[in-house]
Structures are given as C-alpha cells and as structure tokens.
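Remarks on the structure that follows.
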Amino acid sequence: MSNLSPQTEFDCPITKECGALVQLLQPRERDLGGFSVRRVLPVVGQKMIGPWIFFDHMGPAHFPAGDGINVRPHPHIGIATVTYLFEGEILHRDSLGSLQPIRPGDINLMVAGHGIVHSERERPEITATDHTLHGLQLWLALPEAEEETDPAFYHYPESTVPSVSVGDVPVRVMMGTAYGETSPVKVFADTLYIEAWLKPGQKLTLPDAQGRGLYVAKGRLLAGGTEIPEFSMAVLAEQQGVTVEALEETRLAVIGGEPLGKRFIEWNFVSSRKERIEEAKRDWENGRFPSVPGDEDEYIPLPG
C-alpha cells in the first residue's frame with residue numbers, strides 16, 4: 001500500500017503494562033482513498049518490532065459493485081512488503097512485470113531493495129459485484145547489507161504455507177520457524193510471523209523471538225493477566241513460555257525477530273540513511289523510477 005502523506009509515524013495511545021506485556025498499542029485509522037486502514041506501526045515510542053517497521057490492518061472494507069481498491073503506482077525502497085488477505089482479492093502489478101492476484105491464504109512478498117514501483121487494484125470480475133476486502137499488509141526493513149539489493153517479487157499460494165495444530169489451535173507459520181514448521185517464504189534476517197484462530201477458552205503458548213508483537217485482528221485475549229482487546233497490538237516482553245487465552249473467538253497474528261537497528265521512514269521510503277530517502281524522493285519526482293507494465297498512465301505524486 002501507499003501512504004497518502006509524507007508523514008508515516010503517528011502519535012498512538014500506548015499503555016504501559018507489566019509481566020508478559022511491555023506496551024499495548026492502539027491503532028489509528030488512516031484514509032487510503034476510498035477505504036481506511038488501522039495503522040499500528042510505526043508510532044511514536046514504538047518504531048519497530050524486530051525487523052518489522054510497518055503494520056496495517058485493512059478493513060473489512062465493503063465495496064458496492066463498480067467500486068473497490070484502486071491504489072495507483074507508487075515507489076518503495078529499502079523494505080520487503082508482505083501482503084496477506086483474510087477475505088477478498090488484490091491484483092498486484094509491479095515494475096518487474098509481475099501480474100499476480102492475491103487471494104485469502106496466499107502471501108505476496110515484494111522486495112523493494114534499491115527501488116520498485118507497484119500498484120494494487122482489482123480485476124473487473126471482482127469490482128463487477130458487491131465485495132469485501134480484509135487483510136494485513138506489513139513491511140519488513142531489510143538488513144543494511146541488503147537495503148540496495150535488486151528488487152524481486154515472490155508469490156506463495158495458500159497450499160505452500162505450513163499449517164500445524166498446537167493442541168487444538170490451528171496455526172499457520174507465515175514466515176520463519178515455529179512449532180516445528182518452517183515457512184518457505186524468503187527472509188533476510190531472523191523473522192517470525194504466525195497467525196492462529198482460537199475458540200473461547202483455548203490457550204496458546206507463543207513461539208519465542210527476540211522481539212514480539214501480538215495483534216488481535218478479531219476477538220479478545222488474556223496475556224499475563226492483561227486483556228488485549230480487538231485491534232490492539234501487545235508488545236511482549238522477552239521471556240519464554242508466554243501463554244495467551246481467548247476470551248471469545250479470536251484471530252491473532254504474532255510478529256517478531258531480529259532487531260536491525262535504526263531506520264528512517266518517510267512516505268514509502270525506508271533506509272538506514274536519511275540522504276538515501278532524499279535521493280529516492282528526487283528520483284520519484286524526476287521520473288527516474290521504472291514504470292509498471294500495463295499500468296503506465298497513472299501514478300501517486302510525492303506528497304507535500
């Protein structure tokens with residue numbers, strides 16, 4: 001996705017907790033032109049969780065026939081975007097020539113590296129009827145040695161993403177290794193991303209990682225005696241054996257992994273160097289990024 005403002009980091013209510021929880025983040029809704037997202041990361045006081053620098057919860061957004069998601073071509077540097085849908089479909093195009101619908105359960109990994117341009121729209125078959133879009137989009141910061149890597153695109157169909165039953169709790173290992181399963185999705189550093197679906201009263205012991213964030217996409221949880229409400233991100237302490245309990249039917253995502261050091265972020269650009277972001281801004285304004293085959297007629301101007 002693209003930001004519509006050069007500002008990416010926003011104020012966000014942060015509640016100090018104790019025990020298993022360090023902080024509880026409440027997202028802010030952001031308009032992306034035609035629909036809104038709940039933005040959890042980055043916020044003042046919590047810029048990253050492990051290598052993860054950006055976390056958006058899209059929808060559920062309900063579109064009438066003839067309407068839908070329509071994000072024009074825009075650039076990225078220094079990150080890998082990770083898109084995962086609960087419901088609906090997005091048509092991904094990029095400057096490498098990729099053309100890929102993403103559907104529920106699939107994972108799209110787009111590596112921006114030294115620069116990529118992409119758009120996110122919908123196929124006419126989707127916009128022809130009433131439909132819903134619901135999912136998550138996250139950005140992974142790249143290690144400094146990989147920030148200027150060649151851009152790339154990877155699509156992982158639902159059938160290739162490992163699923164495991166932990167007790168009676170179904171878990172998908174989206175990225176990294178957890179519960180004896182390793183995802184095929186490419187990573188650049190120690191990275192964790194899982195999702196799980198809990199029935200009321202079910203418990204799940206979370207996988208360990210250097211840094212972890214627990215997002216409740218639906219429902220309510222208890223962790224360390226603290227309630228985590230729907231649409232909240234709990235920043236977890238670095239302790240082993242943290243167990244959560246569902247207070248109602250709950251869908252959760254856990255992210256984490258290796259801290260990569262300070263990153264600067266402005267609009268869609270991320271880098272360990274401020275001057276690199278300024279260079280990318282000039283390149284976009286002056287048309288030095290590549291175009292998106294099949295989607296060359298429109299673009300999002302540099303905000304501000």
Side-chain angles (χ1 to χ4, degrees), residues 20-21 24-27 37-41 49-50 52 55-62 82-90 102-109 131-138 155-185 191-209 212-236 240-257:
L21 276 66
L24 193 60
L25 311 181
Q26 303 293 337
V37 299
R38 297 176 189 88
R39 182 152 300 157
V40 183
L41 288 176
I49 295 177
W52 301 95
F55 190 110
D56 267 3
H57 181 185
M58 305 176 285
H62 307 290
V82 181
T83 306
Y84 180 77
L85 297 181
F86 303 138
E87 186 176 1
E89 179 183 301
I90 294 175
I102 180 170
R103 302 182 175 96
D106 300 346
I107 295 178
N108 267 15
L109 177 73
H131 59 285
T132 298
L133 181 69
H134 188 199
L136 302 177
Q137 188 171 80
L138 303 82
H155 177 75
Y156 300 88
E158 179 185 19
S159 60
T160 66
V161 180
S163 296
V164 61
S165 182
V166 182
D168 292 326
V169 176
V171 176
R172 300 192 80 207
V173 181
M174 318 283 280
M175 299 180 75
T177 298
Y179 307 114
E181 297 285 344
T182 298
S183 170
V185 178
T191 302
L192 176 68
Y193 178 16
I194 68 165
E195 75 150 5
W197 189 274
L198 286 76
K199 296 176 181 178
Q202 283 189 316
K203 296 181 179 181
L204 178 67
T205 299
L206 304 179
D208 298 326
R212 285 173 301 177
L214 167 64
Y215 182 73
V216 178
K218 174 181 170 59
R220 291 182 300 133
L221 287 173
L222 275 179
T226 300
E227 181 176 327
I228 307 173
E230 191 171 60
F231 308 143
S232 296
M233 172 81 78
V235 182
L236 301 177
Q240 296 182 343
V242 175
T243 298
V244 298
E245 179 181 356
L247 298 175
E248 57 188 75
E249 192 171 49
T250 298
R251 175 176 234 149
L252 63 84
V254 177
I255 60 171

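Computed from a prediction, not measured in an experiment: that's the story for all the values here. Side-chain atoms are counted along with the backbone in the values below, which use heavy atoms only and exclude waters and symmetry mates. All residue numbers in this chain count up from 1 along the given sequence.
- Here the closest heavy-atom approach between residue Ala178 and residue Leu192 is recorded as CB-CD1, 4.2 Å.
- Rounding to the nearest 0.5 angstrom, the gap separating the CD atom in Gln202 from the CG atom in Leu247 is 12.5 Å.
- Taking CD1 of Ile255 as the start and OH of Tyr215 as the end, the distance is 11.0 Å to the nearest 0.5 Å.
- To the nearest 0.5 Å, the span separating CG on Leu204 from CD on Glu245 amounts to 11.5 Å.
- Identified under the salt bridge (charged side-chain N to carboxylate O under 4.0 Å, His left out) test for residues 192-204, with sequence neighbours left out: Glu195-Arg251.
- Between Thr83 and Ile102, the closest heavy-atom pair is O-CD1, 3.1 Å.
- Listed by chain and number, the residues in a salt bridge (Lys or Arg N to Asp or Glu O under 4.0 Å) with Glu230 amount to none (sequence neighbours excluded).
- Side-chain contact between Val216 and Ser232: absent, with no pair of heavy atoms (C-beta onward) separated by less than 4.5 Å.
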Set out, in order, the CA-CA distance, both residues' side-chain angles and the distance that settles side-chain contact (heavy atoms from CB on, under 4.5 Å) for Thr243 and Leu206, then state yes or no. CA-CA 6 Å; Thr243 298; Leu206 304 179; over 6 Å; no
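- Thr250 contributes a side-chain N or O that, together with a main-chain N or O of Arg220, makes up a donor-acceptor pair within less than 3.5 Å.
- Contacts classified as side chain to side chain donor-acceptor pair (under 3.5 Å) and involving residues 174-185 (residues at least two apart or in different chains) are given here: Thr177-Thr182.
- Going from atom CG of Leu222 over to atom CD1 of Ile228 covers 8.0 Å, rounded to the nearest 0.5 Å.
- A distance of 11.5 Å separates CZ in Arg39 from CE in Met58, rounded to the nearest 0.5 Å.
- Residues meeting the salt bridge (Lys or Arg N to Asp or Glu O under 4.0 Å) test with Glu89, sequence neighbours left out: Arg103, Arg123.
- Judged purely by atom type and a 3.5 angstrom limit, Arg212 has no side-chain atom pairing as donor or acceptor with the backbone of Ile49.
- Closest of all the heavy-atom pairs between Pro104 and Gly88 is CD-O, 3.0 Å.
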Under 3.5 Å, side-chain donor or acceptor atoms of residues 164-176 against the rest of the protein: list the pairs with distances, not counting sequence neighbours.
from: Ser165; atom 1: OG; to: Gly167; atom 2: O; distance (Å): 2.8
from: Arg172; atom 1: NH1; to: Tyr84; atom 2: OH; distance (Å): 3.0
from: Arg172; atom 1: NH1; to: Gly105; atom 2: O; distance (Å): 3.0
from: Arg172; atom 1: NH2; to: Gly105; atom 2: O; distance (Å): 3.4
from: Arg172; atom 1: NH2; to: Glu158; atom 2: O; distance (Å): 2.9

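- Only one option out of Val254, Leu136, Ile107, Val185 pairs with Tyr193 in a side-chain contact (heavy atoms from CB on, under 4.5 Å); it is Leu136.
- For the ring-ring contact (aromatic ring centres under 6.0 Å, His included) test, residues two or more places apart in sequence or in another chain that qualify with Phe231 are His57.
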Leu85 vs Asp106, test: side-chain contact (heavy atoms from CB on, under 4.5 Å). Steps then yes/no. CA-CA 7 Å; Leu85 297 181; Asp106 300 346; over 6 Å; no
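- Taking all atoms of both residues into account, the shortest heavy-atom contact from Leu24 to Pro229 is CD2-CD, 4.1 Å.
- Taken from CG in Asp56 to CG in Leu41, the straight-line distance is 9.5 Å, to the nearest 0.5 Å.
- A heavy-atom distance below 4.5 Å is found between the side chains of Leu21 and Leu236.
- In this structure, the side chain of Trp52 does not engage the main chain of Leu138 through any donor-acceptor pair within 3.5 Å.
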